[in-house]
Number of protein chains: 2
Amino acid sequence: MPSSRWTTWAWMLLLPGCAMGWPKQRSSATSDIRNCTISPPFLPPSVTDTSIQLNALRQRMQFYNISAYIIPATDAHMSEYIAERDARLAWISGFTGSAGTGVVTTKKAGLWTDSRYWTQAERQMDCNWELQKIVWTDSIGEWLLQEIPAGENIGLDPFLFSIDLWNSYARVLQGSSRILVPIEDNLVDLVWGTQRPLSPTSEIYLLPETFTGSTWQEKVSGIRRQMEQHSRSPTAVLLSALEETAWLFNLRGDDISYNPVFYSYALLTTSDISLFVDRSRLSAEALQSLSAQCPGPLCVQVKEYDQVRARVQTYAQGDVRVWIGTEYTTYGLYRVIPQDKLVESSYSPVMTTKAVKNDKEQTLLRAAHVRDAVAVIQYLLWLEKNVPKGSVDEFSGARYVDKLRREKEHCKGASFETISASGLNAALAHYSPSNVSSRKLSVDEMYLSDSGGQYLDGTTDITRTVHWGDPTPFQKEAYTRVLMGNIDLARLVFPSETSGRVVEAFARRALWEVGLNYGHGTGHGIGNFLSVHEWPVGFQSNNVPLVKGMFTSIEPGYYQEGEFGIRIEDVALVVEAQTKHGVGEKAYLTFEVLSLVPYDRNLIDIGFLSEDQIQYLNTYYETIRQRVGPELQRRQLEEEYEWLRRNTQPFSRGTLVAASLGTLAITSLVSALLPDRQA
Amino acid sequence: MPSSRWTTWAWMLLLPGCAMGWPKQRSSATSDIRNCTISPPFLPPSVTDTSIQLNALRQRMQFYNISAYIIPATDAHMSEYIAERDARLAWISGFTGSAGTGVVTTKKAGLWTDSRYWTQAERQMDCNWELQKIVWTDSIGEWLLQEIPAGENIGLDPFLFSIDLWNSYARVLQGSSRILVPIEDNLVDLVWGTQRPLSPTSEIYLLPETFTGSTWQEKVSGIRRQMEQHSRSPTAVLLSALEETAWLFNLRGDDISYNPVFYSYALLTTSDISLFVDRSRLSAEALQSLSAQCPGPLCVQVKEYDQVRARVQTYAQGDVRVWIGTEYTTYGLYRVIPQDKLVESSYSPVMTTKAVKNDKEQTLLRAAHVRDAVAVIQYLLWLEKNVPKGSVDEFSGARYVDKLRREKEHCKGASFETISASGLNAALAHYSPSNVSSRKLSVDEMYLSDSGGQYLDGTTDITRTVHWGDPTPFQKEAYTRVLMGNIDLARLVFPSETSGRVVEAFARRALWEVGLNYGHGTGHGIGNFLSVHEWPVGFQSNNVPLVKGMFTSIEPGYYQEGEFGIRIEDVALVVEAQTKHGVGEKAYLTFEVLSLVPYDRNLIDIGFLSEDQIQYLNTYYETIRQRVGPELQRRQLEEEYEWLRRNTQPFSRGTLVAASLGTLAITSLVSALLPDRQA
């Protein structure tokens, strides 16, 4: 699934180059489903009336003497997916998309989100809210300069903004005489009151050793080694992202749907370890694991979640240096640490270490992908049989593939809300069907299925787009070009430590060539039973350079608004490449695709593919047969096994030569075969 | 010629991904030509004894109470090429490379430069200087933290550091208790004293209207329109780069070798224009042009060069907002403007406007390239005839191609010091031969010629690599892969406003595929009778997105240390592409190559090229014939005309099919031709 993580920097660099291709008709701000100029306004039935909550918020704003209040879509851990109790933007605006920023002034309310969510926002927001179809912090800043007179205050909850984001607001408003005011009481929460969902109480459990890459003690020791080797010798690492604590301590929870994490912070010093978490939620086993080596440097002291700020502040009084990752640490925590005691990098050493999977983690993830392929192949065969009967709609399809996954060994559910989109619905990259509005699948339309599973050994994410009838030549061309992009990036050889940003255009070239493009990122890291979008791996500007052992999705697409959507997504492992020359110090890398489901033959126009692309495809299909075939047989899924064999037949080179060279080249071919006549 | 502009950011992002491929053997810091551990040390005869000047500098440092002094290789205008009087780093260290930073402490002296210059630095610096083979500001910062105790001062001339670079030093030292101290007296200049070359006195002249894209009044009005349209309504634009004033006022000088610019600043406000320059150097015609519309908003007031700081400081007292480009404005000027009166962007509007050539400027540059091609073709033919006789060396070759250019209409000389490198010398990307050490050209070695001209209508820059004998299969493969990179980037179709950084890997893919790479950037903007490296166009992270009308070089290469070097460089114009689909709001772009000299057939292994690459090459050669052929005939250069026809023969598709599909594919070809037998 395309990543929604909405950092200013990523989008600033993504949009100018890439987003214009999609969706073209909506890149101007003119059309809006809603008509707020007539009385009463015309509004879709799905909008939320936000007058009461806005009114209450404005009263609070007056009390705090602020003229504007900025409400982001994240939580205090900079999570991409958030729990219900953190869905402040959704509650105040009605808009439930995962990326966006709301700004409420005394008179207006504006919501900024990216093109994936424009239609959704118009369907969910009432006329209290302006939709701003542009996502730069700069644009919010300019709007604020217009709406807020000089000398007045703009309020933010400092625990909901990363340092980087806070700084970019500060930069935009610099010298404008508007003051950014951190307000530690969250004003939306004050208004939300008792209706706000409670804190989770479910168990936080220990991940069995079978499913972990190493013990938490080994991980902690590794991080401490990095602290020692750092030129500024940090004395502590502060961990704010929920994936960081979950990974480091081999613990899991279920505080956020689809993400097996739990609310927590950690402060890891050279001599002790504090985990800030609701102690009562830790399983006996988890507590035992954390305290097994107490007292000592490998003893985890469990402290209350709320104490993190006070503890960091106290710790920072000493002769210490605290290492933080600026992308995940909130301004609220950052500002309690004196400047000269900060050691800053974009990502904490836990985040960057987690990004590179060790051999055991790789083995675990590989295994999860075989079981996942079985589920998806079962689903594709089931669709092939049932769609022509007219008995499948988007919602029932999504439920069915979810069920197939849940039946698999080690599966704990979906890794995100399944995207199941038929026809024009697939042009919305993040569309999810509901029981209420669900389109029937048909042999006359393309269908896009983007889904993944949380297995104890790994997280998966795969998209296949299919057509059971007669696709148009343009649909086949677009699909084939998306596939070419997937292949060209997957088979690319590149030097170790190349930035993903530098190579992602290989996934777009075949589309660009004919004036097509897609408006989302090309891939994202993925975890071992953790987040489906695991930063900082990926192909955007603020991702880290690619090294051996990283996992990333590769997912080009094409979206024709009002008609159809295509995305082909695989998860791939960064591996060493064998090259003909070049035996230097640094390795060359390439990708090994781990998703093991064949593409739709009905949508591939073989004439567009190069010899090298065909060869790649045939090798990949052979790998699928070898890895998934035996698993299907073991489960006695004979029909699925036959489907697999049918759908992984090698593409014929003869067909290719005839198709790609065409009639015009026949004379040249003859010359080649008859050297006497050669030019 | 590969760009040397040495901004921290560009190199930080270039190096991790790209530089490791070259030169491999030298990427560790172990080897040094010099041996400073024995007494007396072993030193090449080419080193400069810097003891006296270092001693004098250290006395000055003591007087100013600083423990370290940082000396960059640029001037007060952030120029890449500098005048002799600004070559402070060269004078203090002996190192004459165009990119580097020196740091002198009370006991040590260190020089940081990138891999292109390591060998040169070792040959030029005595044992007073450590060579640091890493180029990040971070590394200088870490070294300073090691060498300088807390509480002590580090001095810099604020007029030799851009704001961005100053800030990155500040960031690195943040919280370390070492204080960055701006010292406005340049300490090297104080020591250099009367031996320092004087300020130039040569004439600053008006560029005739025939050679300008528009009048300076039109240019000024355009910039003022941009000021009006800017959301922060700047009241003035401050221009610091020498190319900015030269371009804006259609003036030229010769203060810096190869660059027709002159020392100056400009402050362009909504109501008046100040040009800070040595008035006595302005030609009568230039003065007349500047004052023709005095008084009034289009009257240029000429003020003394030295007054710029005082004038900006006074101006900034008022109710004003000064728009600056942070990449070219020095910290010295920046700090006299109050924060709330600054409007910052990476590049001034003059810089970004100049980057997009209008129709007339495009026509002028095209015309210059035809004359330039004639000179290079004459040179290649001359080499072909004279190298086998053993009568050409690198230096005489360079002088000859310079002479051929100078004879051409509108030519004012070379646009940079000609690179003429045979055999292993070509593995040094910036090698220039001297009268003293010059290798003889031979049919047994590859030869690389990188040269360009300053014509009144345009600046050129072209590299051709040739071999007159029997290249090895590896040399042919490497050359062909460099060519494939050049072609793949040149023919790429991409959306308007794509960043160059995102597409430059297309120039590397064919090399990466077999484990090869090159360690320099892939291209740079170029001016109309201005700088051969014209920022901010190019393929690095801090370049601006590509739009129609920009010119850039495309110059992949490959360097085998101790053996040979390959570079193939063309100048290309960004043009609109015609695409099969996609008729959206934004255009798709591609490149039109304007350098018009065929590549070396002797080094092309046609078997590596795809059908599309061959087709592209044949079309390009047809264009060369059409544009340069008539010019050669007009000049009655019959032998050159025949050479051109011979060297632009289309490559045969028949040969290709046989070569690229090879024997294994013959059966498939037969199947294709005989459909009955098809699989």
Side-chain angles (χ1 to χ4, degrees), chain A residues 13 16-18 20-21 24 27 142 145 174-177 231 339-342 474 492-499 501-506 509 512-517 545 579-586 588 610-611 652-655 657-658 661 665-666 668-673 678-679, chain B residues 13 16-18 20-21 24 27-28 142 145 174-177 231 339-342 474 492-495 497-499 501-506 509 512-517 545 579-586 588 610 652-655 657-658 661 665-666 668-673 675 678-679:
Chain A
L13 281 124
C18 307
M20 82 290 290
K24 272 175 194 136
S27 60
E142 282 179 23
L145 289 179
Q174 170 199 310
S176 74
S177 310
S231 64
Q339 271 293 319
D340 60 339
K341 294 180 179 174
L342 279 167
F474 178 61
L492 186 74
V493 174
F494 53 93
S496 186
E497 290 176 64
T498 297
S499 151
R501 181 71 182 147
V502 164
V503 299
E504 77 113 39
F506 287 93
R509 193 202 55 83
W512 283 356
E513 193 176 9
V514 290
L516 307 178
N517 201 1
T579 58
K580 181 176 169 190
H581 308 296
V583 281
E585 291 161 26
K586 287 218 187 178
Y588 275 74
S610 72
E611 180 73 4
S652 154
R653 196 174 288 174
T655 320
V657 174
L661 296 185
I666 293 294
S668 310
L669 288 169
V670 172
S671 323
L673 291 168
Q678 197 174 312
Chain B
L13 281 125
C18 306
M20 80 291 292
K24 272 175 193 137
S27 61
S28 73
E142 282 179 23
L145 290 179
Q174 172 198 309
S176 75
S177 309
S231 64
Q339 272 294 318
D340 61 338
K341 294 180 178 173
L342 278 168
F474 178 61
L492 185 73
V493 174
F494 53 93
E497 290 176 63
T498 296
S499 151
R501 182 71 182 147
V502 163
V503 298
E504 77 112 37
F506 287 94
R509 192 202 56 82
W512 284 354
E513 195 176 7
V514 291
L516 308 179
N517 201 2
T579 59
K580 182 175 168 189
H581 308 295
V583 281
E585 290 160 28
K586 286 218 188 179
Y588 276 74
S610 72
S652 154
R653 196 171 290 173
T655 318
V657 173
L661 295 185
I666 292 293
S668 309
L669 288 170
V670 172
S671 322
L673 291 167
Q678 196 173 312

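The structure presented is a predicted model; accordingly, all values stated were derived computationally and were not measured. Residue numbering restarts at 1 for every chain, and letters A, B, ... go by the order of the sequence lines.
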*Of all the heavy-atom pairs spanning B/Glu513 and A/Val493, show the shortest one and how long it is.*
CA-CB, 4.0 Å
*Select one option (side chain, backbone, both, neither) describing which atoms of A/Phe474 are under 4.5 Å from chain B's heavy atoms.*
side chain
*asked:* My understanding is that only residues two or more places apart in sequence, or in another chain, count here; which of them pass side chain to side chain contact (heavy atoms under 4.5 Å, CB included) with A/Leu342?
replied: A/Ile324, A/Tyr334, A/Ile337, A/Gln339, A/Glu344
*Report the option among A/Leu145, A/Val503, A/Asp340 that has the most heavy-atom pairs separated by less than 4.5 Å from atoms of chain B.*
A/Asp340
*asked:* If the condition is side chain to side chain contact (heavy atoms under 4.5 Å, CB included), which residues does A/Ser177 pass it with, not counting sequence neighbours?
replied: A/Ala150
*In terms of heavy-atom proximity below 4.5 Å to chain A, should B/Gln174 be classed as side chain, backbone, both, or neither?*
both
*Heavy atoms only: give me the nearest B/Thr579-A/Trp512 pair and the separation to one decimal.*
CG2-O, 4.1 Å
